[in-house]
Amino acid sequence: TTAASSRTQPTGGGTPDATTAPSENSTLLTTPNDGALSFDGSKDVQPGHSPLRSCGNIPVLITLVLLALLKSVIEGLSSSAPTVSRYYFGWGVHASGMYLALLASFVLPTNFVVAYIGRRADDRELILVSLVAMFVGILGFLVYSEDGDDYSETRFILFGLVTFVACNALEGPTMGLLSKTIPKSLARGILNAGLLATEAGTLGRVIGDFWLSRSTFKGLDKMINGTFEPMCLMVGLTICATLWKFSDLQPRFDLEDDDD
């Protein structure tokens, strides 16, 4: 009894409430944080910070493919327009320049319309609509006869304009979705989102020039189909991939790669 009472008595004139046993607050203060040592001596590891996890980010991969695709279509359309118009319609330099100026005049209005609609629709919905419009525009731009006699100027101008506007409309929601889904592991350092988007656009231009250069070896009458048939196939496959992963093309805040 005497020993038990001596363990409960305060020493040094302290109050009876001050005991030597550790409290719950002191235990919480010593709880290990990111990278700290736990009570058993092992180091806690926060999951989800591996850079390899970014490689499986479906929205990021699809948006990079979309950027490469739209740049390849724009490159093929703008680079082939002067030669195609001279071959089929006998246009001169001034007529071809006016056609390209007409296409360029729709860039700002298209971006304003996309920004207005983007307040009421998801990025993935705008992406899907733009892809379908691009697919229809390329289908109408192709030549379906051997000699090309039924290929009219109205068809060339109209479907070329639809394709160009669809490509520009696709770029806005694609970049918006990329900015919302890019993990923080790709937001710093040299290999970041800006570099990836730039390189994806550069790759798309290379692809467009490749198909255009390849088609010229078969003759000018094969330039349109040789350039835009592979692009039409790529757009169709991209539409299928977008529909397949449509539910994943949105920000996932519960899986956000946060290093804080």
Q: If I compare all heavy atoms of V73 with all of M134, which pair ends up nearest, and what's the gap?
A: CG2-SD, 4.0 Å
Q: Might you work through the side-chain contact (heavy atoms from CB on, under 4.5 Å) test for T63 and M175, ending with a clear yes or no?
A: CA-CA 7 Å; T63 51; M175 293 299 297; over 6 Å; no
Q: Considering residues at least two apart in sequence or located in another chain, which fulfil the salt bridge (Lys or Arg N to Asp or Glu O under 4.0 Å) criterion with E171?
A: K71
Q: Determine whether F159 and Y144 fall in the same hydrophobic cluster, where Ile, Leu, Val, Met, Phe, Trp and Tyr are linked whenever their side-chain heavy atoms lie under 4.5 Å apart.
A: yes
Q: Do E153 and W91 get their side chains close enough for a donor-acceptor pair, meaning under 3.5 Å?
A: yes
Q: Let me check something: do L220 and F217 share a hydrophobic cluster, defined by ILVMFWY side-chain heavy atoms less than 4.5 Å apart, either directly or through other members?
A: no
Q: Given side-chain contact (heavy atoms from CB on, under 4.5 Å), test V93 with R86 step by step and report yes or no.
A: CA-CA 9 Å; V93 177; R86 176 180 289 274; 4.2 Å; yes
Q: Checking N168 against T110: is there a side-chain donor and acceptor pair closer than 3.5 Å?
A: no
Q: Run through I127, L131, L70 and flag the one making a side-chain contact (heavy atoms from CB on, under 4.5 Å) with T238.
A: L131
Q: Would you name the heavy atoms of V162 and A133 that are closest together and state the gap between them?
A: CG1-O, 3.7 Å
Q: Do V132 and L139 land in one hydrophobic cluster if side-chain heavy atoms of ILVMFWY residues count as linked below 4.5 Å?
A: yes
Q: Would you kindly confirm whether L249 and V65 end up in one hydrophobic cluster when ILVMFWY residues are joined by side chain heavy atoms under 4.5 Å apart?
A: no
Q: Counting only heavy atoms not in R214, do more than 12 sit closer than 6.0 Å to its CZ atom?
A: no
Q: side-chain contact (heavy atoms from CB on, under 4.5 Å), that's the test. Do L243 and C240 meet it? Break it down for me.
A: CA-CA 5 Å; L243 291 174; C240 295; 5.9 Å; no
Q: Over all heavy atoms of both residues, which pair between F164 and I74 is shortest? Give the atoms and the distance, please.
A: CE1-CG2, 4.2 Å
Q: Can you see which heavy atom on G176 is nearest to which on D123, and at what distance?
A: C-OD2, 3.8 Å
Q: Would you give the length of the straight line joining atom CG of L128 to atom CG of L170, rounded to the nearest 0.5 angstrom?
A: 10.5 Å
Q: Nearest 0.5 Å, what's the OH-OG distance between Y87 and S80?
A: 14.0 Å
Q: Please give me the minimum heavy-atom distance between A200 and L64, naming the atom from each residue.
A: CB-O, 3.7 Å
Q: Working to the nearest 0.5 Å, report the span between CZ of F135 and CE of M231.
A: 14.5 Å
Q: Do you reckon V113 sits in the same ILVMFWY cluster as L177, going by side-chain contacts under 4.5 Å, direct or chained?
A: no
Q: If you measure from CG on L212 to OG on S79, what distance do you get to the nearest 0.5 Å?
A: 6.0 Å
Q: Regarding S96 and S85, is there a side-chain donor-to-acceptor distance under 3.5 Å anywhere?
A: yes
Q: Is it true that S215 and T227 share a donor-acceptor pair across their side chains at a distance under 3.5 Å?
A: yes
Q: Would you compute the distance between atom CD1 of I62 and atom OG1 of T181 and round it to the nearest 0.5 angstrom?
A: 9.5 Å
Q: At their closest point, which heavy atom of F106 faces which heavy atom of L161, and how far apart are they?
A: CD1-CD1, 3.6 Å
Q: Are the side chain of N225 and the backbone of V143 linked by a donor-acceptor contact shorter than 3.5 Å?
A: yes
Q: If the condition is salt bridge (Lys or Arg N to Asp or Glu O under 4.0 Å), which residues does D122 pass it with, not counting sequence neighbours?
A: R124
Q: Spell out, as yes or no, whether a donor-acceptor pair under 3.5 Å connects the side chain of R155 to the backbone of G140.
A: yes
Q: Is the count of non-hydrogen atoms from other residues, nucleotides or ligands lying under 6.0 Å from K218 atom NZ greater than 12?
A: no
Q: Can you confirm if the aromatic rings of F156 and Y88 lie within a centre distance of less than 6.0 Å?
A: no
Q: Check this for me: F246, atom CZ, are more than 12 non-hydrogen atoms of other residues, nucleotides or ligands nearer than 6.0 Å?
A: yes
Q: When rounded to the nearest 0.5 angstrom, what distance separates OG1 in T242 from CG in L237?
A: 10.5 Å
